[in-house]
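Here's the structure we're looking at; comments come further down.
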Amino acid sequence: MGNNVTEFILTSLSQNEEVQQLCFFLFLLFYIILMTGNVLIIMTILRSPNLNSPMYFFLSFLSFVDICYSSVTAPKLIVDLQAKVKSISFVGCMIQLFCVHLFGCTEIFILTVMAYDRYVAICKPLRYTTIMDWKVCSTLVAACWLGGFLHSFIQTILTVPLPFCGPNLIDHYFCDVHPLLKLVCADTYVVGLIVVANSGMISLSCFVILVASYTVILLSFKTRSAEGRRKALSTCASHITVVILFFVPCIFIYLRPSTTFTEDKMVAVFYTIITPMLNPLIYTMRNTEVKNAMKRLWIKRLLDKNRKSLGVKPDGIDKASIIPVSQHVVVNKSVNVP
């Protein structure tokens with residue numbers, strides 16, 4: 001059976017014009033906050049020598065993936081909220097499907113890797129620098145990309161050959177597997193099962209691993225000092241918050257047969273836009289080192305800018321005022337748990 005569809009029509013979030021206008025300004029604001037916050041985190045980590053631990057390396061990578069992930073769907077959604085006809089070509093739809101699952105699955109894996117990093121740092125602090133060296137960190141990041149690519153490739157290669165005979169109306173604001181399977185003029189039972197196994201089981205298995213990791217971490221607090229417990233709990237709390245916000249909607253969408261609900265679009269907003277927007281706020285609000293690094297970095301940049309405008313060389317800045325206290329004191333420690 002051939003494919004008679006050359007483009008799809010998206011229903012977006014609402015058909016009401018007033019709601020569309022409200023959503024336009026709301027999601028435009030969300031996207032600006034998302035981009036600004038994640039770029040700020042990446043620049044702060046790259047330019048701050050004291051944020052050179054594996055945790056911050058993974059955090060900067062998470063921010064980069066968040067930018068890519070949301071940029072696949074959010075700009076199209078914002079434009080469509082102002083458009084009369086919300087169309088997307090067949091090729092564009094398949095590319096969007098591939099990219100959504102590539103970056104989404106990569107984020108799932110990087111969150112799992114971050115949980116492993118925290119487990120090693122808190123439960124095996126004396127071996128942390130040996131276990132999580134830069135070769136291991138780079139390998140884990142490459143594995144995240146490879147896992148995301150394989151997952152997305154399977155999703156896309158299953159969807160592209162399917163016969164779409166019409167209608168071409170996708171009840172969603174982006175191209176995803178379940179809404180597309182509703183338009184296929186053939187039996188999709190087997191494909192639906194593969195989608196559940198591919199997407200749903202990845203989300204569920206990684207979520208179980210994350211819950212187990214943080215359970216072990218929380219149980220290990222009994223042997224730590226009060227200050228150590230406070231720092232470790234502060235770091236883990238931000239990770240757990242992000243995990244819940246991201247994984248629960250993903251499991252709701254993908255760990256079920258090939259069916260769609262009216263709530264799916266709003267649930268998808270959480271893991272494609274809301275969670276990537278909140279990640280910078282969650283990590284900076286709960287992490288003193290990141291907040292202090294941001295203050296030092298951007299205060300220094302403002303001072304440099306002011307001095308340049310006054311014709312004073314920026315080299316005259318008292319560098320001791322922007323060097324972390326930890327760099328003036330030599331302590332014998334194997335790992336610093338943020």
Side-chain angles (χ1 to χ4, degrees), residues 5-40 63 65-101 103-104 107 159 164 166-184 199 241-242 244-254 256 258-282 284-285:
V5 174
T6 58
E7 70 172 11
F8 295 101
I9 306 298
L10 300 168
T11 61
S12 193
L13 293 175
S14 174
Q15 300 300 310
N16 186 294
E17 290 189 5
E18 293 182 357
V19 174
Q20 287 186 23
Q21 291 300 316
L22 176 62
C23 288
F24 171 77
F25 290 108
L26 189 64
F27 285 104
L28 179 61
L29 176 63
F30 286 170
Y31 189 61
I32 292 172
I33 295 173
L34 183 155
M35 294 294 292
T36 304
N38 283 292
V39 168
L40 188 61
S63 292
V65 173
D66 276 337
I67 290 172
C68 297
Y69 188 36
S70 293
S71 296
V72 175
T73 57
K76 174 65 175 169
L77 169 63
I78 294 168
V79 171
D80 282 348
L81 288 169
Q82 294 292 91
K84 296 293 183 182
V85 180
K86 305 166 179 56
S87 62
I88 184 171
S89 67
F90 180 85
V91 174
C93 185
M94 294 302 113
I95 292 174
Q96 188 180 57
L97 173 68
F98 177 84
C99 292
V100 163
H101 284 271
F103 296 120
E107 179 152 349
T159 308
F164 296 93
N168 64 340
L169 185 66
I170 298 177
D171 188 19
H172 216 302
Y173 65 90
F174 68 92
C175 293
D176 203 2
V177 178
H178 288 320
L180 283 170
L181 290 181
K182 286 184 66 177
L183 306 179
V184 175
S199 296
T241 304
V242 171
I244 293 173
L245 287 174
F246 188 79
F247 275 85
V248 172
C250 285
I251 292 172
F252 173 79
I253 293 291
Y254 296 110
R256 68 174 194 240
S258 182
T259 56
T260 57
F261 300 120
T262 54
E263 298 85 3
D264 286 356
K265 288 187 283 188
M266 294 310 301
V267 172
V269 166
F270 269 90
Y271 62 81
T272 58
I273 298 176
I274 302 298
T275 302
M277 179 190 70
L278 293 178
N279 280 353
L281 299 176
I282 293 170
T284 54
M285 288 174 63

**Asked** Can you list the steps and then say if Tyr31 with Ser71 is a side chain to side chain contact (heavy atoms under 4.5 Å, CB included)?
**Response** CA-CA 8 Å; Tyr31 189 61; Ser71 296; 2.8 Å; yes

**Message:** Contact between Phe270 and Val248 at the side-chain level, heavy atoms closer than 4.5 Å - yes or no?
**Reply:** no

**Asked** Less than 4.5 Å apart, any side-chain heavy atom of Phe246 and any of Glu107?
**Response** yes

**Request:** Taking the side chain as every heavy atom from C-beta outward, state whether Ser87 and Leu10 have any atom pair closer than 4.5 Å.
**Result:** no

**Asked** If we only count heavy atoms from C-beta on, is the Leu40 to Pro280 side-chain gap below 4.5 Å?
**Response** no

**Request:** Run the ring-centre check on Phe8 versus His172 and record whether the distance is less than 6.0 Å.
**Result:** no

**Request:** Could you check if a side-chain atom of Thr159 sits within less than 4.5 angstrom of a side-chain atom of Met94, using non-hydrogen atoms only?
**Result:** yes

**Item:** Inter-residue atom distance Gln96.CD - Cys175.SG, 0.5 Å rounding
**Value:** 5.0 Å

**Item:** From Ser14 atom OG to Glu17 atom CD, the distance as rounded to the nearest 0.5 Å
**Value:** 10.0 Å

**Request:** Would you name the heavy atoms of Asn168 and Leu183 that are closest together and state the gap between them?
**Result:** C-CD1, 4.1 Å

**Residues Ser63, Asn279; criterion side chain to side chain contact (heavy atoms under 4.5 Å, CB included); working and verdict** = CA-CA 8 Å; Ser63 292; Asn279 280 353; over 6 Å; no

**Asked** Which pair of non-hydrogen atoms, one from Pro276 and one from Asn38, has the smallest distance, and what is that distance?
**Response** O-ND2, 3.1 Å

**Request:** Take Leu13 and Val19 through the side chain to side chain contact (heavy atoms under 4.5 Å, CB included) test and state the conclusion after the steps.
**Result:** CA-CA 9 Å; Leu13 293 175; Val19 174; over 6 Å; no

**Message:** Just verifying a value: how many Å separate Thr36 OG1 and Met277 CE, rounded to the nearest 0.5 Å?
**Reply:** 11.5 Å

**Request:** Go through the structure and list residues passing side-chain contact (heavy atoms from CB on, under 4.5 Å) with Phe24, not counting sequence neighbours.
**Result:** Leu28, Ile78, Leu81, Gln82

**Side chain proximity check, Tyr271 to Ile253, heavy atoms < 4.5 angstrom** = yes

**Request:** Just jot down the salt bridge (Lys or Arg N to Asp or Glu O under 4.0 Å) partners of Lys76, sequence neighbours excluded, or say none.
**Result:** Asp80

**Request:** Apply side chain to side chain contact (heavy atoms under 4.5 Å, CB included) to the pair Asp66 and Leu34, showing each step before the final yes or no.
**Result:** CA-CA 8 Å; Asp66 276 337; Leu34 183 155; 5.5 Å; no

**Message:** Show every salt bridge (Lys or Arg N to Asp or Glu O under 4.0 Å) that has at least one partner inside residues 168-179, sequence neighbours left out.
**Reply:** Asp171-Lys265

**Request:** Using a 4.5 Å cut-off on heavy atoms from C-beta on, say whether the side chain of Leu245 contacts that of Leu278.
**Result:** yes

**Prompt:** Quick one: are Ser199 and His101 in side-chain contact, heavy atoms under 4.5 Å?
**Reply:** yes

**Item:** Exercise: identify the closest heavy-atom pair between Ser70 and Pro75
**Value:** O-CD, 3.6 Å

**Request:** Return the set of residues passing side-chain contact (heavy atoms from CB on, under 4.5 Å) with Val39 (not counting sequence neighbours), or none when no residue passes.
**Result:** Met43, Ile67

**Prompt:** Got a sec, which residues hit side-chain contact (heavy atoms from CB on, under 4.5 Å) with Thr272, two or more places apart in sequence or on another chain?
**Reply:** Tyr69, Thr73, Tyr173, Phe174

**Item:** Results of side-chain contact (heavy atoms from CB on, under 4.5 Å) for Ile95 - residues two or more places apart only
**Value:** Val91, Cys99

